[in-house]
Asker: 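Structure provided below as structure tokens; questions to follow.
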2 protein chains.
Amino acid sequence: MTDTLTPMHTRTRRYHHGDLRAALLTRAEDTLREKGPAALSLRELARDLGVSHAAPSRHFKDKQALLDALALTGFERLTAVLGASRDGVGETFAERLDAMVRAYVGFARENAELLDLMYSIKHDPEASDALREAEQRWSDLVVRLIGEGQAQGQVREGPMERVGLPVFATLHGYADLAVAGMLPPEADEHGLDDVIAFILRGSAPA
Amino acid sequence: MTDTLTPMHTRTRRYHHGDLRAALLTRAEDTLREKGPAALSLRELARDLGVSHAAPSRHFKDKQALLDALALTGFERLTAVLGASRDGVGETFAERLDAMVRAYVGFARENAELLDLMYSIKHDPEASDALREAEQRWSDLVVRLIGEGQAQGQVREGPMERVGLPVFATLHGYADLAVAGMLPPEADEHGLDDVIAFILRGSAPA
DNA sequence: ACAGCATTGTTGGCACCGCCTACATTGACG
DNA sequence: CGTCAATGTAGGCGGTGCCAACAATGCTGT
């Protein structure tokens, strides 16, 4: 009954969006980046996409579900970035660590709010399985890096949890400081180099 | 002044609360700890304290102001705890570092949500001066520790920003992981020891 | 002592939010 | 071509933060 006259392509406002789910996710990430997590509202998202305020609920059962999905894409991209950091660099622990730290901090700087979201969600005891797996996959990359270092005699012996944990903590901590804008200006110059050298000394064989 | 007559404990519902501001802060911290940051609402706080929903606005111009004040008390307590960690331990860098790391992680575990709040706020570019000062005071403690270590020849030479930053990053990162519940169960056993040893190796003289 | 006034609380209203239920439109499949 | 699941819409509910107008209180100066 709507119309045989008004053409679809003008101001395309078809009843079905086509891929609202994906559109919600990308728009949400933009908003998150530009206006922060507090400004993320399902209703505003719906308005932005020209859809009714209840439409998002067809794709995400509640707001948390959307945030979870957003974090999931974040973990996937982070894993991809870290995995790629191994390409084109040497095989020594030092080189691979260097590449991975830079990749991680780079991701953190470019996706500060998203990374924040990713960490605040995994905090939640009842995160989805997919989320836990994604998180697992990326921490496996660190574990693998350390394992290789140990095999090559460039990293001290010991169980992974004990050797890897301080490395992980340092990496995470530095990225978090960078994201929070807490690094002194001078840090831009040598900060990364210093942290990488610090990790190497800390994890060097006894 | 308070009362020689009206006992506190009798459901007194006087028009003026007496010290609503302090009551709001303590109640807010309890709620934060027990039900998480999302459950913090000015209106519910007011209900809990038996005052009208607009009463809090007389003491905090908006919700963020209350959160800022909460974070401020957090920084003050953290500084006190870290300062006290120096008492009763030896004067070597290793001992003092050990004490401070344990104090910091202990505070983080006991005040996880509050610490989260503290960090998410300093993130904000327009935090109050008092907040910035409080944050400064506590990071000064770390700087002081490292300076002493250098003076005693137990920490490598170099400008404070370059030597201290990796230490700070590791400390912060480990505490953050602990707070987020991301540490593997095995970490409870040796995690702290490992991190402290890691920091000592990383910052030892060349 | 007390009048005046700043402080502190109260009431009510606004716009927004997330979530729910009932209904409408669409497209895919038998 | 009819049926039906998937998708989007309309409206309502209780909750939130914030604001403006009003009321009770207690401090302060005369």
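Labels below follow one simple rule: chain letters A, B, ... track the order of the sequence lines, proteins then strands, and each chain is numbered from 1.
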Asker: Given the structure, check if the side chain of Arg43(B) and the base of dG15(D) hold any donor-acceptor pair shorter than 3.5 Å.
Answerer: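 No pair found.
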Asker: Give a yes/no answer on whether the side chain of His59(B) brings an N or O atom under 4.0 Å of OP1 or OP2 in dG9(C).
Answerer: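 Looking at the OP1 and OP2 atoms of dG9(C), one of them is under 4.0 Å from a side-chain N or O of His59(B).
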Asker: Please check the phosphate of dC17(C) (OP1 and OP2 only) for any side-chain N or O of Arg47(A) closer than 4.0 Å.
Answerer: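 For dC17(C), OP1/OP2 do have a side-chain N/O of Arg47(A) under 4.0 Å.
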Asker: I'd like a list of close polar pairs between nucleotides 20-22 of chain C and the protein, N/O only, cut-off under 3.5 Å.
Answerer:
| from | atom 1 | to | atom 2 | distance (Å) |
| --- | --- | --- | --- | --- |
| dA22(C) | N6 | Arg58(A) | NH2 | 3.4 |

Asker: Just checking, is any N or O donor in the side chain of Thr92(A) or Glu95(A) under 3.5 Å from an acceptor N or O on the other one?
Answerer: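 Yes.
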Asker: Does Ser41(A) place a side-chain N or O at less than 4.0 Å from the phosphate oxygens OP1/OP2 of dG18(C)?
Answerer: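 So the side-chain polar atoms of Ser41(A) do come within 4.0 Å of the phosphate oxygens OP1 or OP2 of dG18(C), strictly under.
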Asker: Of all the nucleotides listed (dG18(C), dC18(D), dT10(C)), which has the minimum atom distance to the side chain of Ala55(B)?
Answerer: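 So the nucleotide nearest the side chain must be dT10(C).
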Asker: Whole angstroms only, please: what is the CG-P distance between Leu66(A) and dC19(C)?
Answerer: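 Rounding to the nearest Å, CG of Leu66(A) and P of dC19(C) are 10 Å apart.
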Asker: Would you call Lys35(B) and Glu44(B) a salt bridge, using N to O less than 4.0 angstrom?
Answerer: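 So Lys35(B) pairs with Glu44(B) through a salt bridge.
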Asker: Just how far, in rounded Å, is P of dC17(C) from CD of Glu44(A)?
Answerer: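 About 6 Å, once rounded to whole Å.
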Asker: Return the value, rounded to whole Å, for the distance between atom NZ of Lys35(A) and atom P of dC17(C).
Answerer: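 In whole Å, dC17(C) P lies 10 Å from Lys35(A) NZ.
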Asker: I'd like to know whether CG of Asp129(A) has more than 12 heavy-atom contacts from other residues, nucleotides or ligands below 6.0 angstrom.
Answerer: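 Atom CG in Asp129(A) is not crowded, with 12 or fewer foreign heavy atoms closer than 6.0 Å.
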Asker: So, Arg102(A) and Asp193(A), do they make that salt bridge, N to O below 4.0 Å?
Answerer: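 Result for this pair is yes, salt bridge flagged.
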Asker: Given side chains that start at C-beta, do those of Thr170(B) and Phe198(A) come closer than 4.5 Å, heavy atoms only?
Answerer: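 Yes; the side chains approach each other to less than 4.5 Å.
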Asker: From CG of Leu49(B) over to C1' of dT10(C), roughly how many Å is that when rounded to an integer?
Answerer: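 Checked: the CG to C1' distance equals 15 Å.
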Asker: Are Arg144(B) and Asp140(B) ion-paired here, with the side-chain N under 4.0 Å from a carboxylate O?
Answerer: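 No, Arg144(B) and Asp140(B) are not salt-bridged.
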Asker: Output the rounded distance in Å from CG (Leu45(B)) to P (dC18(D)).
Answerer: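 Roughly 13 Å, once rounded to whole Å.
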